[in-house]
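The block underneath contains the structure these notes are about, expressed in structure tokens.
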2 protein chains.
Amino acid sequence: MPLTEERLNATFTALADPTRRAIVGRLARGDATVNELAAPFAMTLPGISKHLKVLERCGLISRSRHAQFRPCHLERAALDAALEWIEEHRRVWDKRFDKLDAHLRDIQTDQRGGR
Amino acid sequence: MPLTEERLNATFTALADPTRRAIVGRLARGDATVNELAAPFAMTLPGISKHLKVLERCGLISRSRHAQFRPCHLERAALDAALEWIEEHRRVWDKRFDKLDAHLRDIQTDQRGGR
DNA sequence: GGGTTAGTTAGCTGTCAAGTTATATAATGT
DNA sequence: ACATTATATAACTTGACAGCTAACTAACCC
């Protein structure tokens, strides 16, 4: 999965589901097996398995294997990518208001200086 | 639209589409009319109109009216809500490693002190 | 009022995603 | 070899969503 648009699509799609957000929340506190992750939810295991695949496809989690277990691990980098997108656009937004402020100061200065 | 799970679902869903992200990107630089927003895309106006409705439903944009125009305005607060969710889980994650570091320091200390 | 510009609503189609049950794989324990 | 535990895959149903075209509303201008 490249770092492109595609990936942002997949990451935000993954975060759009409350079950998957809860799974991410759980994994932030430490790795866990599929059954552990499934426990809190009123959902069949295949359902959880699908959600995990979605999270894996966008790079939000990775899975290793340990005997019959496939412990899931949160990948912080993918979370950062989504964060980065939002922050960038907030910066653009903020810059706009900085300019506006500057403009208002200019007007003020003109009024004091001129006339 | 309350500030709940529902809203996060809607916000992340909205951000999962590249057209909508581009629209948000455009609006970060300043308000714009529907036609202005549509211009860069190879898509019909009704398509754009739908995307705008999605963005509006989750509170990411608001619309006023000015003659025949319905200028769109980015609502920073909604963007912040999504950001906040991600940041919170990164904090949990980071705390985990702080603990791990502390633990490793403890071991180190024990080894130097003990025996 | 008639035409033009700006935008929305309705109805359709194709695709994709979420959940299910039933079945399969893979490693463990006896 | 056999049963158990942990997880994945397959096949299916249902519901949401992206895109289209066609038709509508609303404000403006002459």
Side-chain angles (χ1 to χ4, degrees), chain A residues 1 5-27 30-74 82, chain B residues 1 4-27 30-74:
Chain A
M1 169 96 25
E5 287 288 280
E6 288 291 324
R7 172 135 186 186
L8 274 177
N9 294 353
T11 304
F12 281 124
T13 298
L15 294 178
D17 183 280
T19 302
R20 285 192 296 256
R21 280 200 306 277
I23 289 175
V24 168
R26 166 64 187 77
L27 289 175
D31 296 3
T33 69
V34 177
N35 271 290
E36 284 166 355
L37 290 174
F41 302 102
M43 192 184 302
T44 59
L45 243 100
I48 298 292
S49 196
K50 266 190 180 179
H51 282 306
L52 292 176
K53 190 171 274 183
V54 172
L55 289 167
E56 195 177 22
R57 270 219 331 258
C58 70
L60 270 169
I61 70 170
S62 62
R63 280 185 276 189
S64 47
R65 50 195 332 162
H66 194 263
Q68 326 86 310
F69 306 89
R70 278 153 195 79
C72 298
H73 175 83
L74 184 61
Chain B
M1 167 94 27
T4 53
E5 286 290 277
E6 288 291 323
R7 172 138 184 184
L8 275 178
N9 295 353
T11 304
F12 282 124
T13 298
L15 293 178
D17 182 280
T19 303
R20 285 192 294 256
R21 280 199 307 278
I23 289 175
V24 168
R26 167 63 186 78
L27 288 177
D31 296 3
T33 68
V34 177
N35 270 288
E36 283 166 355
L37 290 174
F41 303 102
M43 189 185 303
T44 58
L45 239 97
I48 299 293
S49 197
K50 264 192 182 178
H51 282 306
L52 293 177
K53 192 172 276 185
V54 172
L55 290 168
E56 196 177 21
R57 268 216 335 254
C58 70
L60 270 169
I61 71 170
S62 61
R63 281 186 277 188
S64 46
R65 50 195 332 163
H66 195 262
Q68 325 85 310
F69 306 90
R70 279 155 194 77
C72 298
H73 175 82
L74 184 62

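A note on names: the letters A, B, ... follow the listed sequences, proteins ahead of strands, and every chain is numbered from 1.
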For the side chain of [X] and the backbone of [Y], is there at least one donor-acceptor N/O pair under 3.5 Å apart?
X	Y	result
S49(B)	L45(B)	no
R20(B)	T13(B)	yes
R21(A)	L15(A)	yes

Among the candidates [options], find the nucleotide nearest to the side-chain atoms of [X].
X	options	answer
K53(B)	dA6(D), dT9(C), dA8(D)	dT9(C)
K50(B)	dA27(D), dC20(D), dA6(D)	dC20(D)
P46(A)	dT20(C), dA6(D), dA18(D)	dT20(C)

May I have the distance from [X] (atom [atom1]) to [N] (atom [atom2]), rounded to whole angstrom?
X	N	atom1	atom2	value
R65(B)	dG7(C)	CZ	P	11 Å
Q68(B)	dT25(D)	CD	C1'	12 Å
I61(A)	dT7(D)	CD1	P	12 Å
I48(B)	dA6(C)	CD1	C1'	14 Å
R20(B)	dA16(D)	CZ	C1'	12 Å
R57(B)	dC17(D)	CZ	C1'	10 Å
H51(B)	dA18(D)	NE2	C1'	6 Å
L45(B)	dA22(D)	CG	C1'	14 Å

Counting C-beta onward and ignoring hydrogens, is there a side-chain heavy-atom pair between C72(B) and L37(B) closer than 4.5 Å? yes

Is the closest side-chain heavy-atom distance between P18(B) and L8(A) below 4.5 Å? no

Verify the contact: side-chain N or O of N35(A) to OP1 or OP2 of dT7(D), cut-off strictly under 4.0 Å; return yes or no. yes

For dA8(D) and R63(A) - does any side-chain N or O of the residue sit under 4.0 Å from the phosphate oxygens OP1/OP2? yes

Comparing nearest nucleotides in DNA chain C, the 5'-proximal residue of the pair G47(A), A67(A) is G47(A)

Taking for each residue the nucleotide of DNA chain C with the nearest heavy atom, is it F69(B) or T44(A) whose nucleotide lies nearer the 5' end? F69(B)

If you look at every strand shown and take non-hydrogen atoms under 4.0 Å, does T33(B) touch a base, only sugar-phosphate, or nothing? sugar-phosphate

